[in-house]
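In what follows, a structure is listed as structure tokens, so that the remarks can point back to it.
Throughout, protein chains are lettered first and strands after them, A, B, ... in sequence-line order, and every chain is numbered starting at 1. Predicted model only: the values in this text are computed from it and were never measured.
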Amino acid sequence: QKEVEQNSGPLSVPEGAIASLNCTYSDRGSQSFFWYRQYSGKSPELIMSIYSNGDKEDGRFTAQLNKASQYVSLLIRDSQPSDSATYLCAVITSNTGKLIFGQGTTLQVKP
Amino acid sequence: DAGITQSPRHKVTETGTPVTLRCHQTENHRYMYWYRQDPGHGLRLIHYSYGVKDTDKGEVSDGYSVSRSKTEDFLLTLESATSSQTSVYFCAIRDGLAREQFFGPGTRLTVL
């Protein structure tokens, strides 16, 4: 079992819709969770961090964390073509303290 | 952008040659990291540093060495490059009091 798992996609949504990206992790003791956005040929850019159960909102982005289910998600409201990118879920594991990345989900927002 | 630069941005080299990649930060952050990104594997940690002259291994450290003689610079060396080290290399930094890591622009390395 991979430590951080994401569906590779592509996830295709129409412009203006809500995009929902999901991530599961295996280390139950993990406390810190991050979402990075990576455009093709560019470096990962941190867009959200979440440390407590529940929702955290920042503009059009909402991160959701459920530690009991070992599940973290990212919602993008009013999706725009400029949101088309690969979204990386990352988790700091409790056993190593290292940041472990999922393989990313490719999002395509169609005009 | 976090104040991170990487050099070179692109490099093509031949198998068996030594290669050094440089990461430079202007943020005075304590922690610095080297990752490689490959299709099908995602981002994987090679080495990291938690202070000047303090380094440790990551998940995929074989074939790589690092050095940090100044807070602002973290060097990654491939002593004898192999084709399996063809990849995109990213440096990241983290402030000692925070948990978030911020990435540099990356170096695309091709080993022929």
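Each of B/F102 and A/Y87 belongs to its own hydrophobic cluster when Ile, Leu, Val, Met, Phe, Trp and Tyr are linked at side-chain heavy-atom distances under 4.5 angstrom. Under the 4.5 Å side-chain contact rule for hydrophobic residues, A/I92 and A/L65 do not share a cluster. In terms of hydrophobic clustering, with Ile, Leu, Val, Met, Phe, Trp and Tyr side chains grouped at heavy-atom distances under 4.5 Å, A/L107 and A/L75 are assigned to different clusters. Both B/Y31 and A/L46 are part of a single hydrophobic cluster, where members link through side-chain heavy atoms under 4.5 Å apart. At a threshold of 4.5 Å between side-chain heavy atoms, the hydrophobic network of Ile, Leu, Val, Met, Phe, Trp and Tyr places B/I46 and A/I100 in two separate groups.
For the pair B/K57 and A/K98, the tightest heavy-atom approach, listed with the atom from each and the gap, is O-CE, 4.1 Å. For the residue pair A/Y51 and B/R99, the shortest heavy atom distance occurs at CD2-NH1, 3.4 Å.
Geometrically, B/R44 does not engage A/F101 in a cation-pi contact defined by less than 6.0 Å to the ring centre and at most 45° from the axis.
Environment of CD in A/E57: crowded, with over 12 heavy atoms of neighbouring residues, nucleotides or ligands closer than 6.0 Å.
Under a 3.5 Å cut-off, the side chain of A/Q103 and the backbone N or O of B/G40 do form a donor-acceptor pair. Remark: the backbone N or O of B/G104 is paired with a side-chain donor or acceptor of A/S43 at under 3.5 angstrom.
In this structure, the portion of B/Q37 lying under 4.5 Å from any heavy atom of chain A is its side chain and not its backbone. Only the side chain of A/Q38 comes within contact range of chain B, with at least one heavy atom under 4.5 Å from a heavy atom of that chain. Within the 4.5 angstrom heavy-atom criterion, only side-chain atoms of B/Y48, from C-beta onward, approach chain A.
Here the side chains of B/L43 and A/L88 are in contact, with some heavy-atom distance below 4.5 Å. Side-chain atoms of B/E100 and A/F34, non-hydrogen and from C-beta on, do get closer than 4.5 Å to each other.
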* Please lay out, stage by stage, how A/Y36 and B/Q101 fare under the test side-chain contact (heavy atoms from CB on, under 4.5 Å). => CA-CA 10 Å; A/Y36 287 82; B/Q101 292 185 23; 3.7 Å; yes
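Contact count against chain B (heavy-atom pairs under 4.5 Å) is highest for A/P44 among A/P44, A/G102, A/S8.
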